[in-house]
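Shown next, in structure tokens, is the structure this report addresses.
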Amino acid sequence: MDFRNTDLKDLFGAVAAEDDELKNLEKYFFKNQLFRKAIGKDKLLILKGYKGTGKSALLTMVQDYFYAEKKVCLSIKPDDFPSIKLSNNDNLDLISSWKKDLNDLIIKKAYETFLQEDKPQKKFFNAINAINDIFNLPQYLNADTDGFKKKIAENFNKNREVYVFIDDLERGWNGDENSIHRISSLISALRDLSNSFKGLKFRVSLRSDMYSMLRYDDSNLDKVLPDIFDVKWTRDDLLKILVMRVQHYFGNDIKSEDLDGLTQTELEPYLKDIMKLNFSGKGKWHNRPIHNILLSLIRERPRDLINLCTLAASKAGENNHDLIETKDWETIFQKYSRDRFNDTITEHKYQLSQDGVKQLLNGMKTTKAESKLQKSLYDRDEILLKIKNILEQNNIRKNGTTYKMSSKEGLEFLYSIGFLVARKDESENGYINRVTYDQNQDLVDQNSGYKFEIHPAFRWALNYDPNENILAGFDSEYY
């Protein structure tokens, strides 16, 4: 590989799905179980996930699937939304306003998308009947000039289905009371519309940090819990995502089903043309398979993996290496870690008051005593004490509250955002069992034998001694 003269977006794909070309995304998008769920018949489906988990990519591919099936697909962005008046905080009034304005917006979008003409001069319609009217189906059912529109018209005439896709709800979000009321009432309105109008179906993406604040403010959102699905990936999935992107670059047409059943060891050789397959660093990670290193350092987010590989490939170019080598990886670990640290502060900053997230995360830095002991694992009492010391020095509150955060609330927050991971070591076989917040939210309330550790992705950013080999302190583990 000539990394210096290679567009790394072509090699690994764009970090954000909206920056990628659809024809490329179609070829290397990994279709997991959630994709199959999203192309089902659900009236309302909300895809919830952290930044970088691929919500937009998933929504794009689901829309592409329905479009290929000749379904009527309408895409709505926050910029399209009407300016809902939030001076009245009555949630029922807001929901009613959303339903009326969404109806009008759906009609407008359908008219523009399907007929590419001016907005019809009509005030208020039942969404499905209005779309049926403005499509002027006979015109297209009998037309010979535009075969694709004719097929859409035939399909709509038969099935009466309209799929509405809503993405990027975080635009304009600042976590204040108005933002929360705006989005929570929107979600309630979508639920009401999908239940009222047969054939009107919604696919929506929502960031996890936003949902946490919405639920705290509006208990009525419990009604949409059955419609919410977490966008998350197994470590096998993440490695398959990387393999598909790299193989696409080399012109190899590999589909998701081609990789079904392959182990990580069987997947790794697909990467041999861009990286050395063994890590030759010092310590317990010496001569370990490279996928062990990569999967240890990323959270369950494709964006982490793409960022890590892109940084290393860029460094390999600077070093005139034709494969990514151990030296390239080791050089970029600190920057990768600092980037993830800063991203986390930005992603969750509205959940706590003012600079609360920044203060809490910075307070978790390794102390001199911890550095000397190479301590990175805490039992429940130890982690609560560490958090208590941070909170005593800072006025950190949950957004919208007046009281200071408790140690237990601080632990739950750090666990919920993936900064901390629960862990139990199985002494009889040496196996390490790690549990994330999504897998078990109750571990902060229990003395269950689990300890807590800072996720490896953040270790370099928190290290007391910048000259220390952080990787040497990681427990050797197979993924």
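For Asp168 and Lys77, the salt-bridge test passes: some basic side-chain N is under 4.0 Å from an acidic carboxylate O. Salt bridge annotation for Glu300-Arg235: present, with a cationic side-chain nitrogen under 4.0 angstrom from a carboxylate oxygen. Residues Asp236 and Lys240 are not paired through a salt bridge, judged by the lack of any N-O separation under 4.0 Å between the basic side chain and the carboxylate. Salt bridge present: Arg207 and Asp209 bring a charged side-chain N and a carboxylate O closer than 4.0 Å. Salt-bridge annotation for Lys31 and Glu257: absent, with no side-chain N of the basic residue lying under 4.0 Å from a carboxylate O of the acidic one. A salt bridge is absent between Lys327 and Glu330: the closest approach of a Lys/Arg side-chain nitrogen to an acidic carboxylate oxygen does not fall below 4.0 angstrom. We find that Lys99 and Asp192 are joined by a salt bridge, their nearest charged nitrogen and carboxylate oxygen being less than 4.0 Å apart. Ion pairing of Asp343 with Lys51 is absent here, as no side-chain N (NZ or NE/NH1/NH2) approaches a carboxylate O to less than 4.0 Å.
A donor-acceptor pair is defined here as one N or O able to donate and one able to accept, closer than 3.5 Å; no such pair exists between the side chain of Gln351 and the backbone of Lys398. Without hydrogens or angle criteria, Ser314 side chain to Leu311 main chain gives no donor-acceptor distance under 3.5 Å. Of the possible donor and acceptor atoms, none in the side chain of Asp10 sits under 3.5 Å from a partner among the backbone N and O of Gly13. Distance alone, capped at 3.5 Å, places no donor-acceptor pair between the Glu325 side chain and the His321 backbone. A donor-acceptor pair is defined here as one N or O able to donate and one able to accept, closer than 3.5 Å; such a pair exists between the side chain of Thr60 and the backbone of Ser56. Counting only distance, with no hydrogens or angles, the side chain of Arg203 and the backbone of Ala38 share a donor-acceptor pair below 3.5 Å. The closest donor-acceptor contact from the side chain of His455 to the backbone of Gly418 lies at 3.5 Å or more, if one exists at all. Checking side-chain atoms of Asp80 against main-chain N and O of Ile76 turns up no donor-acceptor pair under 3.5 Å. Using modelled atom types, no side-chain atom of Asn399 and backbone atom of Leu352 make a donor-acceptor pair closer than 3.5 Å. A donor-acceptor pair is defined here as one N or O able to donate and one able to accept, closer than 3.5 Å; such a pair exists between the side chain of Glu266 and the backbone of Thr263.
More than 12 heavy atoms of other residues, nucleotides or ligands sit less than 6.0 Å from atom NZ of Lys408. Other residues, nucleotides and ligands contribute over 12 non-hydrogen atoms within 6.0 Å of the NZ atom of Lys424.
For Phe452 against Ile383, the heavy-atom pair with the smallest separation is CD1-CG2, 4.0 Å. Here the closest non-hydrogen pair linking Asn395 and Ser353 is O-OG, 4.0 Å. Of all heavy-atom pairs spanning Trp285 and Ser296, the tightest one is CH2-OG, 3.4 Å. The minimum heavy-atom distance between Ile228 and Tyr211, with the atom names listed, is CD1-CE1, 3.3 Å. Of all heavy-atom pairs between Leu186 and Leu102, the closest is CD1-CD1, 3.7 Å. When all heavy atoms of Leu242 and Leu305 are compared, the closest pair comes out as CB-CD2, 3.7 Å.
Every residue was checked against the ring-ring contact (aromatic ring centres under 6.0 Å, His included) condition with Phe279, not counting sequence neighbours, and none meets it. Here Trp460 pairs with Phe333, Phe474 under the ring-ring contact (aromatic ring centres under 6.0 Å, His included) rule; sequence neighbours left out. Glu347 meets the salt bridge (charged side-chain N to carboxylate O under 4.0 Å, His left out) test with Arg301; sequence neighbours excluded. With sequence neighbours left out, Tyr437 forms a ring-ring contact (aromatic ring centres under 6.0 Å, His included) with Tyr415. Here Tyr163 pairs with Phe66 under the ring-ring contact (aromatic ring centres under 6.0 Å, His included) rule; sequence neighbours left out.
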Item to check | Stepwise side-chain hydrogen bond (donor to acceptor under 3.5 Å, both in side chains) test for Asp339 and Asn307 | outcome: CA-CA 9 Å; Asp339 287 347; Asn307 274 316; over 6 Å; no
Checklist entry - Do Asp42 and Lys201 pass the salt bridge (charged side-chain N to carboxylate O under 4.0 Å, His left out) test, and can you show the C-alpha distance, the side-chain angles, and the key distance before you say yes or no? => result CA-CA 7 Å; Asp42 296 80; Lys201 302 182 179 184; over 6 Å; no
Next on the checklist: As a quick check of understanding, evaluate side-chain hydrogen bond (donor to acceptor under 3.5 Å, both in side chains) for Asp176 and Ser179, giving each step before the final call.
Outcome noted: CA-CA 5 Å; Asp176 65 4; Ser179 293; 2.9 Å; yes
Next on the checklist: Under the criterion salt bridge (charged side-chain N to carboxylate O under 4.0 Å, His left out), I'd like the reasoning laid out for Asp304 against Arg340: C-alpha separation, chi angles, the key distance, then a yes or no.
Outcome noted: CA-CA 8 Å; Asp304 278 11; Arg340 302 291 71 72; 3.6 Å; yes
Next on the checklist: Before you tell me yes or no, could you show the steps for Glu453 and Arg459 under salt bridge (charged side-chain N to carboxylate O under 4.0 Å, His left out), namely the whole-Å CA-CA distance, both residues' side-chain angles and the distance that decides it to 0.1 Å?
Outcome noted: CA-CA 10 Å; Glu453 64 179 350; Arg459 301 278 183 89; 3.3 Å; yes
Checklist entry - Is there a salt bridge (charged side-chain N to carboxylate O under 4.0 Å, His left out) between Glu382 and Lys451 once you walk through the steps? => result CA-CA 9 Å; Glu382 289 174 330; Lys451 295 185 177 182; 5.9 Å; no
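Annotation: salt bridge (Lys or Arg N to Asp or Glu O under 4.0 Å) contacts involving residues 219-231, sequence neighbours excluded, comprise Lys48-Asp230, Arg215-Asp222.
The OG atom of Ser337 sits 6.5 Å away from the CG atom of Leu462 when rounded to the nearest 0.5 Å. If you take OG on Ser280 and CG on Asn278, they are separated by 8.5 Å, rounding to the nearest 0.5 Å. Here CD1 of Ile46 is found 13.0 Å from NZ of Lys55. Values are rounded to the nearest 0.5 Å. Atom CG of Leu206 and atom CD1 of Ile187 lie 5.0 Å apart (nearest 0.5 Å). Once rounded to the nearest 0.5 Å, the distance linking SG of Cys309 with CD1 of Ile274 reads 6.0 Å. Here CG of Asn178 is found 11.5 Å from CD1 of Ile183. Values are rounded to the nearest 0.5 Å.
Between Arg299 and the options Leu238, Val421, Thr344, a side chain to side chain contact (heavy atoms under 4.5 Å, CB included) holds for only Thr344.
In this pair, Phe419 and Phe458 present their aromatic rings tilted. The plane angle is within the 30 to 60° band. In this pair, Phe30 and Trp233 present their aromatic rings tilted. The plane angle is within the 30 to 60° band.
Glu370 and Tyr378 are linked by a side-chain donor-acceptor pair at a separation below 3.5 angstrom, with hydrogens and angles left out of the test.
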